[in-house]
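Order of the sequence lines sets the chain letters (A, B, ...), proteins ahead of strands, with each chain counted from 1. Values below: all heavy atoms of this structure, side chains included; hydrogens, waters and symmetry mates excluded. The shown structure was predicted, so the numbers you read here are calculated from the model rather than taken from an experiment.
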Amino acid sequence: MAMSEEKSLNFIEEIIENDLQSGKYDSIVTRFPPEPNGYLHLGHASSICLNFGLTQKYPGYTNLRFDDTNPATEETAYVESIKEDVSWLGFTWKNERYASDYFDQLYAFAVQLIQKGLAYVDDSTPEEIALQKGTPTTPGTDSPYRNRSIEENLDLFTRMRNGEFPDGARTLRARIDMQHVNMLMRDPILYRIKHAHHHRTGDTWCIYPMYDFAHGQSDAIEQITHSICTMEFVPHRELYDWLIKQLEIYASRQYEFARRNINYTVTSKRKLLQLVTEKKVTGWDDPRMPTISGLRRRGYTPHSIREFCDRIGIAKRDNMVDVGLLEFCVREHLNQMALRRMVVFDPVKLVITDYQGEEWLNTENNPEDPAAGSRQIPFSNTLYIERDDFMEQPPKKYFRLAPGQMVRLKSAYIIRCDEVIKDEQGVVQEIRCSHLPNSKSGSDTSGVTVKGTLHWVSVKQALSVEVRLYDRLFSVEDPTDESADFMQYLNPQSLTVLPAVYAEPALSEATESERFQFIRKGYFVLDRDSSPGRLVFNRTVGLKDTWASATSKK
RNA sequence: UGACCCAUGGUGUAACGGUAGCACUACAGAUUUUGGUUCUGUCUGUUAAGGUUCGAAUCCUUAUGGGUCAACCA
């Protein structure tokens, strides 16, 4: 008998299982450490799902830590949005922490290093420091201030803290090795002077620790067992470990995985910010943005994003994930939960000449989920159907309406096209049909089978709503390709607004928490721009359309 | 002219010296009151050359290709 399938572990899970089995740890602690200088995006989702997922799978917990060591770029508004996004994705952090919580401790660590002769105050200018650094292929040179006495360093560092020097006048540097092959080990800057207001500590400080003197130390303070980051931090690991050793603090370990790249989009805070500031999108939560808030507004479900992160996995090699997988994940979830509704985007009038009056027909809300129940839809002899559901001269295998051809109207009757009314330009104005009275859905005794089923809306009860259709933001797979500025690859057709389409009346009660499938059209969600008299729907993703892809190929 | 990281179908990811598997995509077919869903099937892969071994995607060497490193950013 087949055992329950054993899911293979990613390399970080393997490390953790080894650590747990060897007794190195009884439980683990991870952290998600965003800098509050922008909104979270799909790349962060991967890290969130990894870090939080690990402590759901293994004993332990995950902290949310804001890496707020640069007051120039960070804001409380970003902190709030990050918390909202992590929660929305479905994760709960054990402790909410800030690197700025540790500024006193970090300062004490720096003093400790000075006392051990492992750090010094440098008066060099940024240009001089850059020169001293050397290049990856040539060794660096010592700063003339490298051999100051411990007393002088202590005095200068205190005065730096006391605000006696202007921005950039001095730095605190680790005293390691200017000849080191790893550039990061060439006396890295630990503290810089910045007379700036911090979103949490206000004006208490005018010196701020650099990433390398804050991140690992915060990990140690929180006793993070597995500090997971992306591959570009690999060279930092040596410095991370050096500081642990010299400071004699808790030995957190850093592990790196490759950042997930997704085609037809960008996931870099800098580029996303540029899209916002240059008004190429309406904001961080524009439904075309790969931000969590954008995806949320677009109608993505937290579950579908988690599923996506799970499927793309974690590894160390460069990658370019197909955005089609994200779309697959959301379709899969929405198919199970979305309420079906009928909406006609590009209407043409259809009259059933041998039908009188009106009736309300019963139809299921979701064929995948009987528990979703059913609703009533109004039917009459004057309807709207999609213009492209009719062709006067249909190609082969066209299952829709054509002169003399029969189709079923979803949840209603089978009809046959008898006559087409056109204007002087030859544009179809009205399609006249007759119906099979005994073909009513649920009680069909006609014995007739048809290949096509069309969605429709009764003209008299039709609701007018706005629909916004989104396409990928960029028209090339890799907009970050250096051969041109990424802005040049923006897809001019990324947004299509249909200000007035015709919807069945049940949609008037739509709420933002519901998801809809407009039958044969795609998945939609109510946008917050809606007002009582003016409903706006965002298309989350279209339905798979094998007919359209087959016909476009010809 | 250096150091470090990485290399499995079109894409993502497994195989831990012993049958190259899974998913997405694509393409067929069946079912279907959504050309959706579901079901079945098909195509496509270990960067290269040496070496170790009874046996190599896996270990070693070299080459090739991609990426990272010279912010008082994170």
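Among the atoms of the strands shown, base atoms are found under 4.0 Å from some heavy atom of I189(A). Within the nucleic acid shown, R186(A) has no heavy atom closer than 4.0 Å to any nucleic acid atom. Residue contacts shown for N70(A) are limited to sugar-phosphate atoms, with no base heavy atom under 4.0 Å away. Using a 4.0 Å heavy-atom cutoff across all strands shown, T125(A) reaches at least one base atom of the nucleic acid. Using a 4.0 Å heavy-atom distance criterion, F518(A) is classed as making no nucleic acid contact. Within 4.0 Å of K397(A), counting heavy atoms only, lies at least one base atom of the nucleic acid. Contacts of T73(A) with the nucleic acid, taken as non-hydrogen atoms under 4.0 Å apart, are absent. At the heavy-atom level, Y191(A) lies nowhere under 4.0 Å from the strands shown. Backbone-only contact: I314(A) has heavy atoms under 4.0 Å from sugar-phosphate atoms and none from a base. Across all strands shown, T546(A) has heavy atoms under 4.0 Å from sugar-phosphate atoms exclusively, and none from any base. Looking at heavy-atom distances under 4.0 Å, F399(A) makes contact with a base.
Checked by distance alone, R311(A) brings no side-chain donor or acceptor within 3.5 Å of a matching partner on the base of U13(B). The base of G36(B) sits within donor-acceptor range of the side chain of E368(A), with an N or O pair under 3.5 Å. With hydrogens and angles ignored, no donor-acceptor pair closer than 3.5 Å exists between the side chain of R520(A) and the base of U34(B). Remark: the Q517(A) side chain and the U34(B) base include a donor-acceptor N/O pair separated by less than 3.5 Å. On a pure distance criterion of 3.5 Å, no polar donor-acceptor pair joins the side chain of H180(A) and the base of A3(B). Between the side chain of R317(A) and the base of G67(B) there is no donor-acceptor pair of N/O atoms closer than 3.5 Å.
Between R259(A) and A74(B) there is no side-chain polar atom (N or O) within less than 4.0 angstrom of OP1 or OP2.
Pairing for G17(B) is absent, judged as Watson-Crick or G-U wobble with the two contacts each under 3.5 Å. Pairing partner, A48(B): U62(B), with both Watson-Crick or wobble hydrogen-bond distances short of 3.5 Å. Look at A30(B): its Watson-Crick or wobble partner, with both distances under 3.5 angstrom, is U38(B). Base pairing annotation: C22(B) forms a Watson-Crick or G-U wobble pair with G12(B), both donor-acceptor distances under 3.5 Å. Nucleotide A3(B) has U68(B) as its partner under the Watson-Crick or G-U criteria, with both atom distances under 3.5 Å.
Rounded to an integer number of Å, the gap from N319(A) CG to C24(B) C1' is 15 Å. Following rounding to the nearest Å, R173(A) (CZ) and A71(B) (P) show an atom-to-atom distance of 12 Å. We find that CG of N335(A) is positioned 15 Å from C1' of C39(B), with the value rounded to whole Å.
When the nearest nucleotides of RNA chain B are assigned to R170(A) and G442(A) by heavy-atom distance, the more 5′-ward of the two goes with G442(A).
Taking every heavy atom of both residues into account, L190(A) and A119(A) meet most closely at CD2-CB, 4.3 Å.
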task: Decide yes or no on side-chain hydrogen bond (donor to acceptor under 3.5 Å, both in side chains) for N63(A) and E222(A), but give the supporting numbers first.
output: CA-CA 8 Å; N63(A) 285 348; E222(A) 294 172 26; 2.9 Å; yes
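Going from the P atom of C5(B) to that of C60(B) covers 12 Å, rounded to whole Å. Between G45(B) and A23(B), the distance separating the two C1' atoms is 15 Å to the nearest Å.
Once the 5.5 Å centre distance and the 30° plane angle are applied, the aromatic ring of Y211(A) is found not to be stacked with the base of A74(B).
Between Y39(A) and W284(A), the ring planes lie parallel to each other; the angle is under 30°, not in the 30° to 60° tilted range.
The pair E75(A)-R200(A) fails the salt-bridge criterion, with no side-chain N (NZ, NE, NH1 or NH2) lying under 4.0 Å from an Asp/Glu carboxylate O.
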